[in-house]
Each structure stands twice: as structure tokens, then as C-alpha cells.
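Reading through the C-alpha cells given below for one structure.
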Amino acid sequence: MCGIVGIVGKSNVNQALYDGLTVLQHRGQDAAGIVTSHQGRLFLRKDNGLVRDVFQQRHMQRLVGHMGIGHVRYPTAGSSSSAEAQPFYVNSPYGITLAHNGNLTNVEQLAKEIYQSDLRHVNTNSDSEVLLNVFAHELAQRGRLQPTEEDVFAAVSDVHKRCKGGYAVVAMITGYGIVGFRDPHGIRPIVFGQRHTDEGVEYMIASESVSLDVLGFTMIRDLAPGEAVYITEDGKLHTRQCAENFEYSPCIFEHVYLARPDSIMDGVSVYKARLRMGEKLAEKILRERPEHDIDVVIPIPDTSRTAALELANHLGVKFREGFVKNRYIGRTFIMPGQAARKKSVRQKLNAIELEFRGKNVMLVDDSIVRGTTCKQIIQMAREAGAKNVYFCSAAPAVRYPNVYGIDMPSAHELIAHNRTTEQVAELIGADWLIYQDLEDLVDAVGGGKIKIGKFDCAVFDGKYVTGDVDEAYLAKIERARNDSSMSMSMVNSAIIDLHNN
């Protein structure tokens, strides 16, 4: 996943963009970028690293203008090239910059179309650059010297017709405004809001509502699947449904792990959803192990803490913080390589022996993906003196790859793929293991104000909501990953083939 933000203000927006990205840092720690617009000129700064490291005072001073977009990135298939830091830029038409959260599933086809039909060049291995060129081409087709909101929405509509996959986008059209849009399934999140200043109304688009909250913006609402919002440089707001066929199918893993608990997504409080996950887990434990001997419930910081607290409450068992976290180490799930993840676990967490010695401990995590982290944590609990170590996952077993923007594309990397719960428990070293049931997870998350037809639960059930993902596609992604390439290596091969033919 990545984090995106866009602001149309009444004064310089560089600090607000910086602050907004800092709040979204949990969505990507690989790279960060900001681009602003002032008097028809663009000012860009992007590089690998955390927001605080990429932007120094000298960079901020150059980012002038009352309109801009920003991005925090993590690699969707293991690459950490600074050339793929966003936002991306294309000069025609008008000068457009774009930042993207998600992943396109038909990028190979789009790469061919861009070169063969649109006569455009792609310079990186990023599907975001492909998406930018598709949008730019469709906007250029309107043929106007000065684009109107009708032109912008028509271009977004054509993007929806050509692009498949999960995507939430902010794009800035130099001198004209900022557009945000969401794929027709609403897989990746995006919200917009406003705040009133002495100079007038300012607007903000972001991946999560918490980014708006921290900057004093009032959330208007989530963008609906297929919808676009266009904010002109002088502060006029326009919205339009741009997809012919659309359905709410947001990624349920956002609520399990990706999002901050203080965010609200599609009318659902992430915090409340995680409380309900803990309640559902407690009910399952009482059904399956009514005579359990759990002495203490300990969360694995930080995402699982909310679910673990409610689990302990419903079981009538003590809740304790048994691990101290070094907050200067990144999230292991979004680190580019397996070796980095393994090395970071003991650097990140340290056990408090007092809470483990001689006790039957229930460890709670948000999910089990590769199993590497939880195996080491269980071993740490035993070394701290735990008598028995039980393990609880707030999510169902992750058995299938994700293709919509989360770095878990290869099935063989997933510990639960083609394994039973008992086999996973043995591999990670737990005395017994409890997974959340998928029906309970959907029930826990689905209690918001907006009617959600279904969730994208592909990582759990293998059902991909875009309908274009099959075994051949998954095998192609796995081959690309095994070759130490990003899934976007298909772009390069497609362009090379076209040059050779």
C-alpha cells in the first residue's frame, strides 16, 4: 500500500502536505515525494526514505505554491528504486503530476497500448507511471487549451474503461486544479474534506480520514467507487460518478492491518471494527476451547492491540503489555526483503519477562502472512519463561496472493497456503492456534453507515473482485518476483518486444 494526499489551499501548502504525509507514514516507508504548483511552474522533491529524511528545510523552502500533491511509498513487489518514488510527471497535456495507491492488473496490455497507440514513453518500472500516461492521453483527447471539469471527468471515465485493478489517485493539472479518483470497485481508500480559513475554503484529498483530522480539515465523505472529485485552483469543488459499472468492494485487509485505528473508511471506524474482531475471536475460543487455561492475553504491538484488549475483556482474562517496541524500526510487513524482516524482529521487540514467566500466554496478532515474525516472537515468549504459548490471529488464514497493491504476490511465501491450522501452529511453534473466521471478520467490519455490497477478501478466499485474475496471471507475477523484478517488469518486456517487431 501507499499513502496519497492533495491540497488546494489559499497559501503555501508545503507544510500541510508534509504533515499529511507524516500522518500517513504507516502506509509506506520506502520513499516520499511532494510536488507543488506556483504561477504555472512545478516544484518537486522526492527520494527514498521517511518523510522526515527526504524533506529538509532547504527542500521545503523551494516547494512554493498553494496547490500540491504528495505520496509515501512502499514497493509492491520488492523493489526500492528511487526512480520509482512518486509523484510522477508528464509534460503533455498541461503538465500533469500523479500519485497512486494500488496496483493495476492489466498493466501489460496498457503498456503496449501506450507505446503502440498513444505514442507515449514509460521510463520506469511503475504501473503508476502507466496510469499517469493513460490519464494524460485521455485528457489530451478532449483537445482543449483550457480543460473544464467536464473534460477532467470524461478523462477519468475513460481511465476506468481502460484500467483494471485497485487504484486511488490524486493528480495535479498544472495551473488548473487537482483531481482525485477511485477504481470502480473502491478497493483502495480515498477521502476528501475542507477547512475554513480567513482567506477562504481549502480542500484536501487523502488516503485516510486521520490525515484530514490532524490538519484541521472536516471530512466531507469517502469517494464512492468510480467517483472523481475535481478541485480547481481557485477553490471550486466538483464531483462526478465516472464509472458505468461500480460496486463497493473495499479491501478488508485495510481494517485488519493497513489503516490507522483512528481512521474511518467507508463509514466504518477502523477502531470499532478491530474491537469487534476481538469480540468475535473470544466467542470462537469459548466455542472451541471452553476449558482453556489462558492466564494472560498479550498483543503483538501495535496493530493487534485493539482486538487483543476486547478479546481479553470477553474472556475475562488479564490483558498485559508483554513486549516493548522500539519505535525507530519500520513495520516488518512492508520491508522490501525477507532478510530485513528477519533481522528487524528482535531489534523491534523485547519481551518483559515478568509477564511471561510460568504463565500460559495468549499472543494476539492482526494476521499471519509469512509466519517469520510470529515464529520468532513465540520463541521470544518461551525464552522469557512462558509455560505454554497460544497464538490468535484477528484475521483468517492468508492463503492467496494480493494483486491490488499489497506486497504478498507469491503463494509459496504464505505460510497458510495449502496448510491446515494445525500445520501452521506446528511451523510457528505455537501450542495451539486460532484464526478468525472469514464470516466473522466480514461481520465485524461491515457495520458502517455506507452499505457495502461485499469486501475484497481475496487474500483469504482467492476470489478477486475485478474478475481478471486467474492462475496464469498469478503464475506470471510469481515468476517476475522470483526473477527479482517487480510485477511491472512486464512493461519493459512489452516495450522491448514492440521495438523488436
Side-chain angles (χ1 to χ4, degrees), residues 2-9 12-18 20-21 24 28 31-48 51 54-55 59-60 62-73 81-102 104 114 118 120-140 142 146-147 149 151-152 155-156 159 163 167-182 190 192 203-207 211 228-233:
C2 299
I4 58 175
V5 61
I7 299 177
V8 177
N12 284 336
V13 296
N14 50 359
Q15 187 63 52
L17 289 167
Y18 177 96
L21 291 180
L24 297 175
I34 290 175
V35 61
T36 58
S37 174
H38 179 63
Q39 296 180 351
R41 293 187 62 191
L42 294 174
F43 302 88
L44 171 67
R45 167 63 182 171
K46 61 179 182 177
D47 203 351
N48 281 2
V51 175
V54 171
F55 302 101
H59 304 128
M60 297 296 290
R62 296 170 188 157
L63 293 171
V64 296
H66 69 276
M67 179 172 71
I69 63 174
H71 185 266
V72 287
R73 171 186 180 269
S81 169
S82 61
E84 294 174 15
Q86 298 182 37
F88 284 114
Y89 165 74
V90 67
N91 71 332
S92 177
Y94 316 114
I96 301 174
T97 49
L98 178 143
H100 162 226
N101 173 32
L104 302 182
I114 286 171
D118 299 353
R120 287 178 172 270
H121 173 70
V122 177
N123 198 50
T124 71
N125 289 336
S126 173
D127 61 339
S128 302
E129 191 184 10
V130 171
L131 181 56
L132 167 61
N133 276 275
V134 172
F135 175 68
H137 174 77
E138 298 304 332
L139 189 57
R142 312 307 20 126
Q146 296 181 334
E149 65 271 18
D151 298 323
V152 172
V156 173
V159 168
C163 297
Y167 50 91
V169 175
V170 287
M172 182 167 62
I173 307 169
T174 308
Y176 293 101
I178 290 178
V179 58
F181 57 92
R182 192 179 190 186
I190 183 170
F192 66 103
Y203 292 96
M204 180 175 178
I205 306 168
S207 291
S211 190
V229 56
Y230 178 53
I231 306 155
T232 61
E233 190 174 31

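FYI, side chains are in, hydrogens and waters are out, and symmetry mates aren't considered; it's all heavy atoms of this structure. Since we're looking at a predicted model, the values are computed, not measured.
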- Task: Start with the C-alpha distance between Phe55 and Asn14, add both sets of side-chain angles, then the distance that settles side chain to side chain contact (heavy atoms under 4.5 Å, CB included), and finish with yes or no.
- Result: CA-CA 10 Å; Phe55 302 101; Asn14 50 359; over 6 Å; no
- Pair Gln15-Met60, side chain to side chain contact (heavy atoms under 4.5 Å, CB included): steps then yes or no: CA-CA 8 Å; Gln15 187 63 52; Met60 297 296 290; 4.1 Å; yes
- Could you walk me through whether Ile178 and Tyr203 pass side chain to side chain contact (heavy atoms under 4.5 Å, CB included), step by step? CA-CA 10 Å; Ile178 290 178; Tyr203 292 96; over 6 Å; no
- Going through the checks in order, is the side chain to side chain contact (heavy atoms under 4.5 Å, CB included) test met by Ile231 and Ile205? CA-CA 10 Å; Ile231 306 155; Ile205 306 168; 4.0 Å; yes
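With rounding to the nearest 0.5 angstrom, the CD1 atom of Ile173 is 10.5 Å from the CG atom of Leu98. For the atom pair CZ (Arg45) and CG (Leu17), the distance works out to 15.0 Å, reported to the nearest 0.5 Å. Distance check, rounded to the nearest 0.5 Å: NE2 of His38 to CE of Met67 gives 11.5 Å. Atom CE of Met172 sits about 6.5 Å away from atom OG1 of Thr36, to the nearest 0.5 Å. For the atom pair CD of Glu129 and CZ of Phe88, the computed distance is 5.5 Å after rounding to the nearest 0.5 Å. Taken from CZ in Arg182 to CG in Asn101, the straight-line distance is 10.5 Å, to the nearest 0.5 Å.
Under the 3.5 Å distance criterion, the side-chain polar atoms of Ser207 are matched with a main-chain donor or acceptor of Ile4. Panel note: side chain Thr232, backbone Gly177; no donor-acceptor pair is recorded below 3.5 Å. Proximity of a side-chain donor or acceptor of Asn12 to a complementary backbone N or O of Gly65 within less than 3.5 Å is detected. A distance-only check finds a donor-acceptor pair linking the side chain of Gln86 to the backbone of His100 [under 3.5 Å].
The closest side-chain heavy-atom distance from Tyr89 to Val35 is not below 4.5 Å. A 4.5 Å side-chain heavy-atom check between Met204 and Ser211 finds at least one atom pair inside the cut-off. Within the 4.5 Å cutoff, the side chain of Val170 has no heavy atoms near those of the Val5 side chain. Two residues are said to be in side-chain contact when any heavy atoms from C-beta on lie closer than 4.5 Å; His137 and Arg120 meet this criterion. At a threshold of 4.5 Å between non-hydrogen side-chain atoms, the residues Phe135 and Val179 count as touching. In this structure, the side chains of Leu42 and Ser37 come closer than 4.5 Å at one or more pairs of heavy atoms. Residues Ile114 and Val134 have side chains in contact (heavy-atom distance under 4.5 Å, counting atoms from C-beta outward).
Residues Pro87 and Leu44 share a closest heavy-atom pair of CD-CD1, 4.1 Å. Nearest approach of Cys163 to Leu104, heavy atoms of both residues: CB-CD2, 4.2 Å. Between Gly175 and Glu233, the shortest heavy-atom contact is O-OE1, 2.9 Å. Annotation for Ala171 and Ile69: closest pair CA-CD1, 4.4 Å, computed over non-hydrogen atoms. Minimum interatomic distance between Cys2 and His71 (heavy atoms only, all atoms of both residues): CB-NE2, 3.4 Å. Residues Ile7 and Ala16 share a closest heavy-atom pair of CD1-CB, 3.5 Å.
Ring-plane geometry between Tyr176 and Tyr94 is classed as perpendicular, the angle between the planes exceeding 60 degrees on a 0 to 90 degree scale with a lower cut at 30.
Looking at residues two or more places apart in sequence or on another chain, you find a side-chain contact (heavy atoms from CB on, under 4.5 Å) between Asp151 and Leu139, Arg142, Arg144, Pro147, Thr148. For Tyr167, the ring-ring contact (aromatic ring centres under 6.0 Å, His included) partners are His160, not counting sequence neighbours.
Checked options Thr124, Asp127, Asn123; the residue passing with Glu84 is Thr124 (criterion: side-chain contact (heavy atoms from CB on, under 4.5 Å)).
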